[in-house]
Amino acid sequence: MSQVKQVGLLAAGCQPWNKDVCAASGDRFAYCATLAIYVYQLDHRYNEFKLRAIMSEHKKTITAISWCPHNPDMFASASADNLVIIWNVAEQKVVARLDSTKGMPASLSWCWNSGDAVAFVSHRGPLYIWTISGPDSGVAVHKEAHSFLSDICLFRWHPRKKGKVVFGHTDGSLSIFQPGCKSQKHVLRPESLEGTDEEDPVTALEWDPLSTDYLLVANLHNGIRLVDSESLSCITTFSFPSAAASVQCLAWVPTAPGMFITGDSQVGVLRVWNVSKTTPIDNFKLKKTGFHALHVLNSPPKKKTFLAQSPTKNHHTSSTSEAVPPPTLTQNHAFSLPPGHAVCCFMDGGVGLYDMGAKKWDFLRDLGHIETIFDCKFKPDDPNLLATASFDGTIKVWDINTLTAVYTSPGNEGVIYSLSWAPGDLNCIAGATSRNGGFIWDVKKGKMITRFNEHGKNGIFCISWSHKDSKRIATCSGDGFCIIRTIDGKILHKYKHPAAVFGCDWSQNNKDMIATGCEDKNVRVYYLATSSDQPLKVFTGHTAKVFHVRWSPLREGILCSGSDDGTVRIWDYTQDACINVLSGHTAPVRGLMWNTEIPYLLISGSWDYTIRVWDTRDGTCLDTVYDHGADVYGLTCHPNRPFTMASCSRDSTVRLWSLTPLISPLQTNILADRPWEEIIGNTDRAMEPGAPPLLCGKVSRDIKQEVDKLTGNLRGKKLRWFSECLSPPGGSKNVWDLVAVLKGQDDSLLPQNYCKGIMHMKHLVRFKTSKAQELTTVKMSKFGGGIGAPSKEERLKEAAEIHLRLGQIQRYCELLVELGEWDKALSVAPGVSMKYWKKLMQRRASQLIEEENDDVIPYCIATGDVKRLVRFFTSRGQLKEALLVAQAACEGNIQSDHGSVSTASPTEGNNVEDYTELLHRVSTELAEWYFQDGRAVLAACCHLAVDNIELAMANLIRGNELELGVCVGTVLGENAAQATQYALELLARKCMTVTTWDLAADLLRMIPDNELFLVKLCAFYPGCTAEINDLHSKCNLPSLEECVQMAETCYADGDIFQAVKYYLLSPEPEKALPIGISFVKEQIGSSDWTLDSICPTLDLLSYIRTERLVLHKCSEVRNELLILCGYTGALLAIRRHYTSIVPALYEYTSQLLKRREVSVPLQIEQLSVELDAWRACTLSTNKAGDDLPYTPPTELQRKIYSSILQRIKEEPLKGLIGPDYVTGSNLPSHSDVHVSCLTGLRIQGPVFFLEDGKSAISLNDALMWAKVNPFSPLGTGIRLNPF
């Protein structure tokens, strides 16, 4: 199981160079970065699109993708290395590949008329048709479509006329072919081009879905025409509002006949047209940058509603029914906008899904790198900001909590190879480019302030700003020089190398030392305090060029270097020697990073697509990460969060990782309150071979100093500080802020960015009010607010919206008036007073402005109909809005129905209890949304925000955030006690391995009533007699010999449970098995047994030492134990709603029954009947019911299911009901595609390998399995430990 956990992913943007790079089908859409295809899928429950898969088999630029018109699971892609691939999206695998196509496939499309054929064409033709399967499989050439006179931009098959195809050329002409007709080459060129040889490429081509011959064509400069492919005549020429507008892409809207949309190439304007009108019906400016591609989704996403659906309006009408006024239409609105969703890709790599009916983004990734990312670095004074440098010529700065871009550099720099932040809070970044020298970019002002061109036009491969002396910047270049200059450009040193220099790094201990890596295979160290230009030391040993070099931050004089020979070497400057060679990568090494707390931990990234973690004491590789889809170039971590690492790659993604699992006993030592010397040490102690990990860096030392200063609440503060240092971003800080609020901390001590996270309910309304005031008053600062800063209108709008949600209606009306939205203001005004409304009416009369709007929100707020509003928001998936409104209602800010309007019965009154229940329901819904998105920590925050400690703890446990759960539970104390104990028990199970038995005992001792837990620990402990007795006395248990006598006494007294307990602790624990198992069989044989009557005994028996359980003489009782644990496991899984593993547990139990000689009171038939009854009775409530025809359960099945429910009783810890879902479960990875041996399906998210080393199941399933059945699914009798 991988130790390094993926905790975040920054997807790439859409590439702007090739035409057909976005496609859609049903509820999925896909777009291409340069080397990978990103597939998004609609999650119907929350009505939002989620990244489902990243396909990266292509090694060169992807040129086109095309979705199969008759199979929604298949699409084809082509790339510049003459490769075409057919993918199955559902299974995320390659179905077929065609290598070395003749000519580069520049454009590609499925053939509409045949099931399995894909056509592709290079720039001048011919058109090839590849039949993938069947008797005619192979590649054929189209008989006529070849030897064109101008390059092909794109081509389109006719969806209904078999074999008809049109090509668009760069000279502006079209070529049309159809079987049985004369082929038409280079026809229908725009009239203005006739007789010239000017080019005006065809940018878009689409057949009219309603006719067999009409075709919509867009030329870059000549605009759009509707042409007839039969008579070769132009039917309509569409005209643009301005001559400057040019069309980059167009798409028909399938739901609205005759309607199409276009995207401009210069600015992101989406225009809506109808073929009957030559000018656009509507124009929306969506973005500053131009469009690149457009695609309309056929089926608009189904809206799902949550919470209580309102009863539908009564269907009978009578003379007293309310009249429905007809909608009024302005001339343009007579063409009402269709309910369609357009996938929009922009020239800057932005990708979004625009809802044309509602005129809003359903989803927008505003910016993304579209090419290889060569470098990434955290900002020195802010661990939440990460800068990336890319082949696409920009540096972008990301907020890693929200995974969005905050700043981007102006661009056009060629390739940016390297970046370096200025020290401290200077807010500048130095960048190194392939041909424009170096530069300093002021991030906040958004402009370049200095350029360095001492290297001329030679590429600069590395730039490094000294963090000990902020005036010095080093660069190294292909010209063989490493140059040190001051920030104002004065050259201090020029170090000449015999060949190109690729890397340099300032020593962290001596401000005058710098190391370089050179093409001549050597590492050099220079000392700046002398005037000599010769190196102080030259290290030789690598057998190919050296790229990056890195000084150790914790060990003076130690540095490492990565090379094209695939190794990393560790050098000791004081001994003049190579002290270790790390071998394992199979390609050149690029990224290199020392950990800033654990002195021996080094991480490397390579062209072999992997990241490796090394223990440099003995050179072992601790872990290999396969999740990137291409070369790994940059690795970085922030000293304040030493165990969160970011990596960047040629696959255009940035990924975030948690390294904490690599040092797991350390975190547990802190929890168990072990002495400082087991947590913090000095470098020499930590470097001793085999020594456990110790923290040796600045952050841990600072924490210790702070803790030593404290007088009260030592433990709570220590747990919090270490937890924040060890946890990845993604909510742990937020959890601790909320815990502090719950513990009664003064609000003035809350951090500044508290209001950006999930706030406690008592602060929500207050913070939002002040935010609204700030938005209203703040005039734009001179430099703007970063990317896409809102205009004054947008700010006023946002302020108005916030005031509205806080029930401050008059302020809302006034702001709307300022914006000119009169009708809206008027409709709400009576909520203030009728007098105010009349006054507004008069002001309105003097200002006649026509504005349409049918928003439901103001009406609800004005009439105090909170429930409907919450329903409205949740049905649209706007859970955060719903939460805010519900909270405002609880605080009494939203007045209930004004007198006569309401005819509701008194039971439906909107009282405070009602609102509180509503608030809890909405926050649970929001928590569930975070949880199923793999963000258990934020889900816990939602529960803490409404004081629901039990559910918050349950979310942490179900997300397997056990250490955080124990820390938080310990600080919260009594209210969290039950859940904390369960988390401690699971954490102790995690520690029941070779090196940490006494740690497990310490954890169990933190549970108040711990005797039974300690018995299980001692029973499972595999030491020699003396060691076992030693552990017994530590746990206050009798010695091995005493246990034998006690077991015999209890057995004679008929106390089975105690007899089993003491036999397990005796020298012959296998004696416990027959006694315990016959008791359980006897129970199951009776009619009124329940789980609670047999589980304690089975659970105890499952802790028998593995080497005793697998003895040959125990095989019969072992099989019976495994079968009984499997069966009770299935029932427990039903009780906890672990739906995904219930069938697997039943199947496992029946397989064991079938194959092994046993006598247990269970029949295979009975098991399958129970499973069917469970399926039938739960399917109705399950989401699987969407596609399957639903058959209601039979009477017998209901009876069986209710008898199962009587046996299993209720789950004692309510919040633990529901599946486990660990962080990163929803992040697509490229690592080996494993198939689960439980479900037969591809595993999404982290994988857990069983004891045979090859069977895999998902980590989520492994956790759920281990919680209900301790034994491995392979039936070996080995205990499962996935925690």
Side-chain angles (χ1 to χ4, degrees), residues 12-25 29-38 58 60-67 69 75-80 82-85 101 103-110 118-125 127-128 145 148 150-157 165-175 199-207 215-225 246-252 260-266 268 270 289-296 342-351 370-371:
C14 183
Q15 55 148 308
W17 11 86
N18 290 305
K19 286 301 307 177
D20 291 322
V21 288
C22 82
S25 170
F29 71 85
Y31 68 85
C32 308
T34 308
L35 293 166
I37 301 163
Y38 288 76
H58 291 287
K60 290 271 167 60
T61 305
I62 296 170
T63 51
I65 56 173
S66 170
W67 215 294
F75 71 79
S77 59
S79 60
N82 300 358
L83 171 67
V84 179
I85 295 182
T101 58
M104 185 185 86
S107 190
L108 128 137
S109 165
W110 287 83
V118 171
F120 55 89
V121 65
S122 61
H123 290 301
R124 282 284 168 106
L127 179 67
Y128 292 100
F148 295 106
S150 166
D151 281 358
I152 295 165
C153 306
L154 68 168
F155 73 99
R156 292 286 181 263
W157 288 104
V165 63
V166 58
F167 294 84
H169 299 280
T170 45
D171 68 354
S173 66
L174 305 178
S175 298
E199 303 242 305
D200 183 9
V202 173
T203 53
L205 261 188
E206 297 295 340
W207 290 105
L215 176 68
L216 210 46
V217 190
N219 292 65
L220 187 58
H221 308 299
N222 263 288
I224 315 167
R225 297 168 295 156
S246 59
V247 180
Q248 180 61 32
C249 47
L250 62 80
W252 290 98
F260 63 95
I261 54 173
T262 61
D264 283 19
S265 60
Q266 309 296 288
L270 180 75
T289 42
F291 270 90
H292 174 61
L294 261 183
H295 204 105
V296 177
V343 181
C344 307
C345 303
F346 296 94
M347 295 305 279
D348 63 357
V351 179
I370 46 188
E371 260 286 9

Identify, with sequence neighbours excluded, every residue that meets side-chain contact (heavy atoms from CB on, under 4.5 Å) alongside [X].
{"X": "Met104", "result": "Thr63, Ala80, Asn82, Ala106, His123"}
{"X": "Cys249", "result": "Phe291, Leu294"}
{"X": "Glu206", "result": "Arg156, Leu250, Trp252"}
{"X": "Ala119", "result": "Cys111, Leu127, Ile129, Phe155, Trp157"}

*Testing Trp67, Phe29, Tyr31 for ring pair (Phe, Tyr, Trp, His ring centres under 6.0 Å) with Phe75, which one passes?*
Trp67
Can you list everything that forms a side chain to side chain donor-acceptor pair (under 3.5 Å) with [X]? Sequence neighbours excluded, please.
{"X": "Thr262", "answer": "Trp273"}
{"X": "Ser150", "answer": "Thr170"}
{"X": "Ser175", "answer": "His169"}
{"X": "Ser246", "answer": "Ser265"}

_Looking at Asn222, is its backbone amide N or carbonyl O close enough to the side chain of Asp200 to form a donor-acceptor pair, meaning the two atoms are under 3.5 Å apart?_
yes
_Asp20 side chain vs Ala64 backbone, donor-acceptor pair below 3.5 Å_ = no
*asked:* Restricting to salt bridge (charged side-chain N to carboxylate O under 4.0 Å, His left out), what partner residues turn up for Asp348, sequence neighbours left out?
replied: Lys287
